[in-house]
Every structure is written in structure tokens, then in C-alpha cells.
Amino acid sequence: IFVGLYDTATVSSQAEPYPQGTSVVFPLEDANKRIIHLRGTVISVPIPSNTSQLPSSDAERSPYVIRLVDGSTHRVSPLLMDDCVAPSRASSSPSPICFPSWMRDSQKVMYLKDGTYLKGVMEFDLDNDVWRFSQHRRNGTESWGVNLPNFSQDFQSFIDDGRLLPGWHNKGRFQPSPPQLLGSAGHVSAVGLSSPLPPGSLNKALKLTGSDFAIWRNSYREEFDGLHNNDCFEIISEETYQNIVRSTGKRAIPSMCVFTVNSQGRPHRAKSRIVVLGNKDPTEWTKADCFAPVVSLPIVRMLTALAVQHKRTLKQGDCKLAFVQATLPPEEVTVVKPPIGCPLSGPGTYWRLKKSLYGLKRAPRHWYKLISQILTSPEVGLKQCKNDPCVYYGSPIPGQPPIYLAIYVDDLVYFSPSDDVEKYFEQALAQKIKVDFMGDAEFFLGLKFDWIREDGHVDCRISQEAYAHTIVAELGLSQANISPLMTPFRSGFPIDTIPVVDMSPEARAPLIEKMQCW
């Protein structure tokens with residue numbers, strides 16, 4: 001937490017008006033003596049002569065330093081910065097050349113090499129006048145790099161064909177797959193959609209025309225076939241359904257199809273998800289019937305400390321299609337009415353569920369029981385911790401160190417002092433259920449893990465940047481000025497001793513609780 005980082009004043013002498021990262025447009029002369037405008041960012045702000053306070057006037061300030069998209073750096077007087085940041089207010093000159101925000105020097109990107117995405121940064125080679133992708137060692141030297149010819153003109157083609165991804169992401173989620181036809185088991189591409197907005201229901205999707213109709217129809221078929229091939233339900237007739245109603249007194253639960261456009265990976269995917277309206281379930285389940293425990297943040301922190309103590313890193317896994325894996329018990333008879341307009345199950349038909357489905361009230365409970373049975377099975381060989389139902393441990397290989405694991409719904413983190421034990425566990429679990437093993441944990445329960453390996457030692461830095469931004473938004477400071485001269489809170493200073501005059505104790509209590517360490 002920083003004092004002075006946020007300032008709600010419109011004009012403040014204590015806030016830097018153009019902090020690092022501010023977008024600018026700078027005029028330059030080309031070879032033909034013509035003025036062109038290149039986009040760039042502020043990389044250094046003026047440093048006051050007295051470190052205890054900001055300068056009283058712009059004349060006392062040192063210049064700003066900006067870096068343009070061509071890699072060049074320039075010093076700009078504070079008196080001219082307003083023209084660089086907002087040139088449209090000063091003149092009616094033509095629009096400057098615009099590049100995406102990630103197309104800057106030292107920006108994080110991922111490059112596709114031999115079927116695998118590599119993490120690196122963008123760099124501009126001034127000697128050869130070319131953009132390049134570069135990976136660096138810890139000492140700053142380049143370990144691997146490649147030139148990107150004509151990148152300033154063709155950067156969009158690098159994005160469209162998946163050769164380059166802005167930002168760093170979990171590698172397991174971005175492994176490229178071979179091309180597949182629309183409606184196949186892999187994905188339905190959303191590239192041909194005329195509108196980026198998905199339809200609100202299956203009925204609306206089937207009333208579309210042209211390529212939009214074909215894409216969303218194939219997307220629904222992919223979801224339907226996936227559930228049917230997984231033996232999640234059987235299609236029954238109206239007569240069979242009425243017999244079930246007479247014998248059990250339970251009527252069918254309506255369902256719907258939720259359409260989304262997944263643009264995080266490449267290519268864009270038109271995705272469908274069939275969801276049961278659990279709030280329409282005629283059975284009144286108790287809280288105990290639906291409860292499924294999840295691991296807590298202190299346990300994850302303890303597991304991280306234990307891994308670091310053994311000079312290991314936490315590994316992360318993601319169980320696929322978790323809520324449609326568990327088989328329903330025989331006494332839990334559940335009938336679902338297909339989404340309105342379903343073209344695949346036929347009119348007057350219903351679905352009798354054999355396995356759990358998204359939206360059911362007891363779906364989390366069924367999944368928890370299933371994953372617990374798998375983890376404690378003889379093939380996997382783990383035991384459930386008596387003090388926490390979401391922590392498992394065991395030695396699946398006799399004579400080898402144990403493995404420790406924590407689960408949060410369908411996400412899991414684990415580690416063992418032995419590489420052989422980790423590989424054995426991954427292979428044994430993969431034979432039971434489909435899991436995406438993503439290597440070192442990067443994001444889990446809102447926590448960001450940064451692993452540092454140095455001289456045989458392992459350190460981990462845990463941060464909650466997203467949570468901090470949430471608190472800032474709740475306090476109404478999202479649009480506040482940001483000062484680069486922030487002052488850190490001294491260690492051990494209790495936040496709840498700061499006097500607040502315009503908030504009642506009842507209003508302050510939830511804010512204090514959110515800011516306290518767990």
C-alpha cells in the first residue's frame with residue numbers, strides 16, 4: 001500500500017501528469033523533409049532536484065524521455081509535453097500513424113517456434129532497422145531471437161496466423177492444434193462471424209442467416225455431440241417422461257445454451273455451453289447436499305512455503321469438463337428439457353441425465369466426490385488430509401519422497417521433492433481423467449506466482465495485483481492521477497489507526513477487512 005499513489009484532485013502539484021507508460025505522438029522529419037508523427041511512450045519522468053518535494057515550476061524540471069515505435073528515444077521539455085500527449089487539441093493535422101499498445105520496445109509477447117509458444121519481448125534493432133522477437137537470460141544477454149521483417153506494415157498478419165501473441169499466457173492453454181473443420185471435435189472458428197456479439201439464445205442463433213447461422217449451429221452441435229458422446233444423457237420420449245413424473249413426482253428442469261466468442265487463443269472460437277437452470281430444480285436440496293469444500297488461501301501459501309523449503313516449485317493442473325464427469329446416483333433421477341429450438345434431439349423429447357451437467361445444484365458436490373475417489377484410488381495412491389478435505393498427500397512410489405496436492409474445484413496445485421514422483425502422479429491422473437498440466441503455477445485463486453531460481457535455491461514472490469485493482473475500483477480511485485514519487489507504508493503500521501472523519505465505523509469495517517493480510 002502506498003501513500004500518495006492516488007490523488008483525486010483534478011490538478012495536483014503532488015501528482016505526475018505524464019507518468020511512465022503515457023502514450024505520446026511525436027513529430028519527426030523523414031528523409032524527404034516531411035513531418036510524420038510516430039507513436040511512443042514515456043519511459044522516464046523528470047527527477048526533482050530536491051527528493052523531498054516536486055519542483056515548483058516546469059522551468060526547474062529536467063526533460064521527459066520518450067521512446068518511439070521505431071526504437072529511437074527523445075528528450076522533451078515539460079513545456080511541450082501537452083502538445084505531444086494530445087496533439088489533436090492543438091491542431092487539426094491528419095491523424096498520426098497508430099500502432100497497437102503492445103508494439104513497443106521491451107513489451108511482453110509470445111512467439112510460435114516449432115509448435116510451441118516461447119515467452120519473450122519485442123525489440124527494435126536500430127542497426128538493421130527491423131523489429132525482432134528476443135528471449136533474454138537473467139544476466140540480460142540474448143538466449144534466442146528472430147527478426148520480424150516488414151513487421152511495422154504486416155504486424156496484423158503475425159497476429160492472425162498465430163505466430164505472435166501479445167502478452168504472456170499459460171503455455172498449456174496456447175498449444176497450437178492442427179486445422180480442423182467447422183463443427184469438429186476441436187473447435188468452431190469464429191473468424192467468419194459478421195457480428196462479434198453472440199446470440200442470446202439457441203432460438204435466436206437458429207434464426208440468423210449466412211455464415212453466422214452455420215457457425216453457431218455447428219458450435220451447438222459440437223457441444224451437444226460432446227455431451228452425448230460422453231454419455232451424459234439419454235434422449236427419452238414424452239411417454240417415458242410422463243411415466244417418470246408419475247413414479248417420482250419430479251418434472252423436467254429447463255435448460256438453455258450460452259454462446260460466447262473466445263478471443264484469448266488463436267483462432268477465435270465460437271463456443272457453446274448447455275446449462276441447466278438449477279434454480280428451477282423441483283427438489284429442495286439442503287446446503288449439506290450441495291456443499292463442496294475448496295482449499296483456502298492460507299493453505300496455498302503454506303504449500304508454497306513447503307515447496308520452496310524443498311527447493312521446488314508448485315505445479316499447476318486444470319481438470320477438463322469437470323462438472324460433466326461424475327455419474328449421478330441411481331436414486332437421483334433428473335430429467336432435463338432441451339434448450340428451446342434444439343434441432344438435434346427432436347420435438348417432444350427430453351434428456352434423462354446419466355452424469356452431472358453444468359447448472360445443477362449438486363454438480364460441485366458430485367465433482368468433489370469423483371475427484372476425491374480418483375486421488376485416493378490405488379492407481380494414484382494419495383491420502384486425504386484429516387485437517388483439510390482439499391489437501392492430499394502420499395508416496396505413490398515406495399521409497400520415494402511424498403507428493404502434496406491441493407484442489408480448488410477443477411484446479412489443482414502440487415509438488416514433490418522428486419521429479420519421478422511428479423511424473424508418475426501426472427501419468428496416473430491422466431489415465432483417470434483429462435487434465436491439462438501447465439507446469440509451474442502462475443495464477444491460482446487470484447494469486448500471481450513469480451518463481452526465482454538462483455544458485456540451486458528457489459524463491460517465490462506472491463502478489464495480488466488484480467485484487468489490489470479491485471479495491472482501488474471500489475474506493476472510486478480508478479481514474480485518479482498516479483504519482484511516481486509514492487511513499488511506501490512503513491512495515492508494521494496498522495491501517496486501522498489512520499483517522500477517517502467522513503466514514504462511520506460500520507462503513508470502514510469491510511474496507512479494513514479487505515486490506516488486512518490473510
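Computed from a predicted structure; not experimentally measured.
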Shortest non-hydrogen pair, Phe444 vs Gln316, comes out as CD1-NE2, 3.9 Å
Mind checking side-chain hydrogen bond (donor to acceptor under 3.5 Å, both in side chains) for Thr327 and listing every partner two or more places apart, or none if nothing turns up?
-> none
Close side-chain approach of Ile407 and Tyr368, heavy atoms under 4.5 Å = yes
Pair Lys271 + Glu223, salt bridge at N-O below 4.0 Å | no
Before accepting this row, confirm whether a basic side-chain N of the pair Asp318/Lys320 lies closer than 4.0 Å to the acidic partner's carboxylate O.
-> yes
Those residues at least two apart in sequence (or on a different chain) that pass side-chain hydrogen bond (donor to acceptor under 3.5 Å, both in side chains) with Thr286 are Asp289
I'd like a table of donor-acceptor pairs (distance under 3.5 Å, sequence neighbours excluded) in which one partner is a side-chain atom from residues 421-428, with atom names and distances.
| unit_1 | atom_1 | unit_2 | atom_2 | d |
| --- | --- | --- | --- | --- |
| Glu422 | OE1 | Arg312 | NH2 | 3.2 |
| Glu422 | OE2 | Arg312 | NH2 | 3.4 |
| Glu422 | OE2 | Ser416 | N | 3.0 |
| Tyr424 | OH | Glu379 | O | 3.3 |
| Glu426 | OE2 | Tyr414 | OH | 2.5 |

Just jot down the ring-ring contact (aromatic ring centres under 6.0 Å, His included) partners of Trp216, sequence neighbours excluded, or say none.
-> Phe259
Ignoring hydrogens and angles, write down the donor-acceptor pairs under 3.5 Å from the side chains of residues 334-341, residues two or more places apart or on other chains.
none

Sub-4.5 Å side-chain heavy-atom contact between Phe213 and Leu206 | yes
More than 12 heavy atoms of other residues, nucleotides or ligands under 6.0 Å from CG of Asn229: is that the case?
-> yes
Mind checking whether Trp351 and Tyr241 have ring centres under 6.0 Å apart?
-> no
Sidechain N-carboxylate O distance under 4.0 Å for Asp459, Lys311 = no
Salt bridge (Lys or Arg N to Asp or Glu O under 4.0 Å) partners for Arg251, two or more places apart | none
Do Lys250 and Glu284 meet the salt-bridge criterion of a basic N to acidic O distance under 4.0 Å?
-> no
Answer whether the closest heavy-atom distance between the side chains of Val295 and Val300 falls below 4.5 Å.
-> yes
When you look at Ser372 and Tyr392, which way does the side-chain hydrogen bond (donor to acceptor under 3.5 Å, both in side chains) test go after all the steps?
-> CA-CA 9 Å; Ser372 297; Tyr392 296 81; 2.7 Å; yes
Residue pairs fulfilling side chain to side chain donor-acceptor pair (under 3.5 Å) with at least one residue in residues 397-408, sequence neighbours excluded = Gln400-Ser418
Under a 4.5 Å cut-off applied to non-hydrogen side-chain atoms, are Ile462 and Thr304 in contact?
-> yes
For Trp144, check side-chain hydrogen bond (donor to acceptor under 3.5 Å, both in side chains) against everything at least two apart and list the hits.
-> none
Residue pairs fulfilling side chain to side chain donor-acceptor pair (under 3.5 Å) with at least one residue in residues 274-283, sequence neighbours excluded | Asp281-Trp285
Please name all residues satisfying side-chain hydrogen bond (donor to acceptor under 3.5 Å, both in side chains) with Lys448, sequence neighbours left out, ordered by chain then number.
-> Asp450
List in chain and number order the residues that pass side-chain contact (heavy atoms from CB on, under 4.5 Å) with Val324, two or more places apart in sequence or in another chain; answer none if no residue qualifies.
-> Leu227, Asn230, Cys232, Leu321, Leu357, Tyr358
For the residue pair Cys342 and Tyr220, establish whether any side-chain heavy-atom pair is separated by less than 4.5 Å.
-> yes
Kindly indicate, with the supporting measurements, whether the criterion side-chain hydrogen bond (donor to acceptor under 3.5 Å, both in side chains) is fulfilled by His366 and Glu332.
-> CA-CA 11 Å; His366 291 315; Glu332 192 173 328; 3.2 Å; yes
What salt bridge (charged side-chain N to carboxylate O under 4.0 Å, His left out) pairs are there with at least one residue in residues 229-246, not counting sequence neighbours?
-> Asp231-Lys354
With the side chain counted from C-beta on, respond yes when Met256 and Leu277 share a heavy-atom pair under 4.5 Å apart, and no when they do not.
-> yes
